[in-house]
2 protein chains.
Amino acid sequence: MARVRMRDVAEHAGVSVRTVSNVVSGYPHVSPDTRARVQRSLDELGYRMDYLARGLRSGRTGFIALAVPFVAEPYFAELAQAVIRAAGRRGITVLVESTAGDSEVERRIIEGGLTNVADGVLLSALTLPAADVAAKKPDFPLVMLGEHSVGDQFPRVGIDNVAAARTAVEHLLEQGCRRIVALGRNGSENGRQRTEGYEQAMSAARVRRVNWLVVPVEDWTRDQGHEAVRELLEGDGPLPDAVFAFNDALAVGALRALDASGVRVPEDVAVVGIDAIQESAYTHPPLTSIAPDLDAIAERSLALLEEQMQAPGGPGEAAPGEDAQAGAVVVAAQEATPYRLIVRESSRRGTALE
Amino acid sequence: MARVRMRDVAEHAGVSVRTVSNVVSGYPHVSPDTRARVQRSLDELGYRMDYLARGLRSGRTGFIALAVPFVAEPYFAELAQAVIRAAGRRGITVLVESTAGDSEVERRIIEGGLTNVADGVLLSALTLPAADVAAKKPDFPLVMLGEHSVGDQFPRVGIDNVAAARTAVEHLLEQGCRRIVALGRNGSENGRQRTEGYEQAMSAARVRRVNWLVVPVEDWTRDQGHEAVRELLEGDGPLPDAVFAFNDALAVGALRALDASGVRVPEDVAVVGIDAIQESAYTHPPLTSIAPDLDAIAERSLALLEEQMQAPGGPGEAAPGEDAQAGAVVVAAQEATPYRLIVRESSRRGTALE
DNA sequence: CCCGAGTCTTGCATCGATGCAAAAGATCAC
DNA sequence: GTGATCTTTTGCATCGATGCAAGACTCGGG
């Protein structure tokens, strides 16, 4: 069956194409009679709007793109779900893209690789786009999710990573922990900020330097968390009394390694993570974690995106071939969304060891 | 900065629009000189193809849509990842959609709601589209993933659920379990088939009926698994010696409930799941599960989709307004992809209790 | 020096829907 | 009856890229 076009409907109903368009788009000045007849033809032929064609003419597709590193990572999967839900409320359809953590892919997106199919882009960048990219301003609606080191020219939405990490570590300190491992430093900006929060908390609590321990990993995955903690336990250094994992996946891996070595959680080692993915309520023991408000992130980022989409001409106003003039920089908002600490068994110690 | 079109590039390079198109699309008969000049203009102006416009003309967008119930559910998230990866190898971009398990949304997709933006659709249907929809043939490339009860008019790709369930239960029987709970029956076709596999295995092993126990749930989530097993343990019936969960999320919930009640796994109760989501390797204890070959599912379904996309006119050939004639039914392939049993601690009993 | 066979380049129509503005038809006051 | 006003409907151009086929140009053989 060939595609049913407005023209087919128009012929079937004996009206012009334009009238069909008017009916479909709800233009008020159509006689009830005509409207009914056209509607009948629409139903009968099973007409479906071609959004591409409409998008071509109107410049809007009704789609936004959400690009995350790995769809299969629980945090990003849950974030995607939240964005899809929030977008649905606004009548926007979300296209989820996966960058595979490839900075080349991320760079292409920043340069506009998705703008032709989407009215705007939400990008959760993992790796760091090259410095030359950092100097660019996007010429289309773009909002960054989470942290990245691209600079301030893009609006961003996410929790305050330094504060969140500090909160997590403070909680461990309150439980009496002192020799706290920070698990998850890697090349990412996110890792840097969470390390900084750790250091701030440790420093403020006047924990002796010998008890500071930052363990690097490559990716924030269960495997890496497991591996790193296993090696730590096999080493001959004194055992830590807590692990602050930079995300829940790492924490899950850490829990597994501790469990396998017979280390009791939280009695011997307390554990906290960040993200509060659904899985974290079901670990052994249930994991204490920092829960970012995903709905707030989704709502806020969509609002910022719509703001940009409505702004005439988009954020970049420079003429073709020129760079945006530095004088007219629109300061991009850094939006810090709320988060809260969910205390579960993995860090709940009966007695603080003060 | 306004969008850079081929026309802009053409003017800048002093050639016709068509020549620019030829350069962009790699048409061979372009002089090196011209090609270089056009390429320079392309780079200088930062030209980006408008895929919508191209799609409008050529009828192909280069996108396929993948619709799953919940992106945040680990199984679907991992499936999406596999599809994205497989599609990438074929130069196809995937748009991930979430149906929220809403049968209305699923119906719209079957009726072609995504065909305007995607060349083909992969649908993982959760709920059952209404019977009247079942009578329809799609007029666009569509492949169903997993099970559903729509009938045989759609090609499907997935594991053989009955066999997979049977394999899981046989494994438990081999471990000496007899009083085996089947956890997860609900209204879905998938649930029906896994129940059937359970019954086949139990029956073949001549397990007495009194030991058969099918526990219903609403959704296949951790919460529901937890809830159901908690209630089971609180009841006054004899304890089961194994739980066969219809998916890993349910199993994770079951493990948590067992753990909370002090029931030892696998000594007191063995547990197996289906899906082998990444999380399952990190549960306490690690979960035995049936691992469907997601890459095979992704590859096979994309192959089937491409097959349909190449077939002239698509699967439905009926004239507008007519139903496909029953005589010319193309028998839709039911593709059974491989799976394997991954045995981990949760079901490994030292001694079979024959 | 001309012709046919390439090679390279171009103009025009087209994909499906909408913006624009004019045409056609209805309604009303005078 | 007639012009003014408002409602309803329509034709045409357009969005950006490509299919098609013809035009312009180059080159070697006769």
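Quick note on labels: first sequence line is chain A, next is B, and so on, each numbered from 1. Please read all numbers here as calculations on a predicted model, not as lab measurements.
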ask   = Quick one: on DNA chain C, does B:S31 or A:A53 contact a more 5' nucleotide (nearest heavy atom)?
value = B:S31
Base, sugar-phosphate or nothing for [X]? Non-hydrogen atoms, less than 4.0 Å.
| X | result |
| --- | --- |
| A:Y27 | base |
| B:V24 | nothing |
| A:R18 | base |
| A:V15 | sugar-phosphate |
| A:T34 | sugar-phosphate |
| A:T19 | base |

query = Quick one: does B:D8's side chain get under 4.5 Å of B:R5's, heavy atoms only?
reply = yes
Whole Å only: how far is the [atom1] atom of [X] from the [atom2] atom of [N]?
| X | N | atom1 | atom2 | answer |
| --- | --- | --- | --- | --- |
| B:M6 | C:dC15 | CE | P | 19 Å |
| A:R7 | D:dC12 | CZ | C1' | 15 Å |
| A:R37 | D:dT8 | CZ | C1' | 12 Å |
| B:E11 | C:dG11 | CD | P | 12 Å |
| A:H29 | C:dA26 | NE2 | P | 17 Å |
| B:R54 | C:dC15 | CZ | C1' | 14 Å |
| B:L52 | D:dT14 | CG | C1' | 16 Å |
| A:D50 | D:dC15 | CG | C1' | 13 Å |

Report the nucleotide, chosen from [options], that has the shortest atom-to-atom distance to any side-chain atom of [X].
| X | options | value |
| --- | --- | --- |
| A:N22 | D:dG16, C:dT18, D:dT10 | D:dT10 |
| B:L56 | D:dA17, C:dG16, C:dA17 | C:dG16 |
| A:R5 | D:dT8, D:dT18, C:dA17 | C:dA17 |
| B:R57 | D:dC15, C:dC15, C:dT18 | C:dC15 |

Any salt bridge linking [X] with [Y]? Criterion: basic side-chain nitrogen under 4.0 Å from a carboxylate oxygen.
| X | Y | result |
| --- | --- | --- |
| A:R85 | A:D295 | yes |
| A:E299 | A:R90 | yes |
| B:D43 | B:R40 | no |

key: Residue-phosphate contact under 4.0 Å: A:S16 side-chain N/O, D:dT9 OP1/OP2   = no
task = Check whether any side-chain N or O of A:Y47 sits under 4.0 Å from OP1 or OP2 of C:dA17, and answer yes or no.
result = yes
key: Nearest non-hydrogen partners of B:L142 and B:L305, listed with the distance   = N-CD1, 3.8 Å
key: Distance in Å, B:T19 OG1 paired with B:R35 CZ, rounded so as to fall on 0.5 Å steps   = 10.5 Å
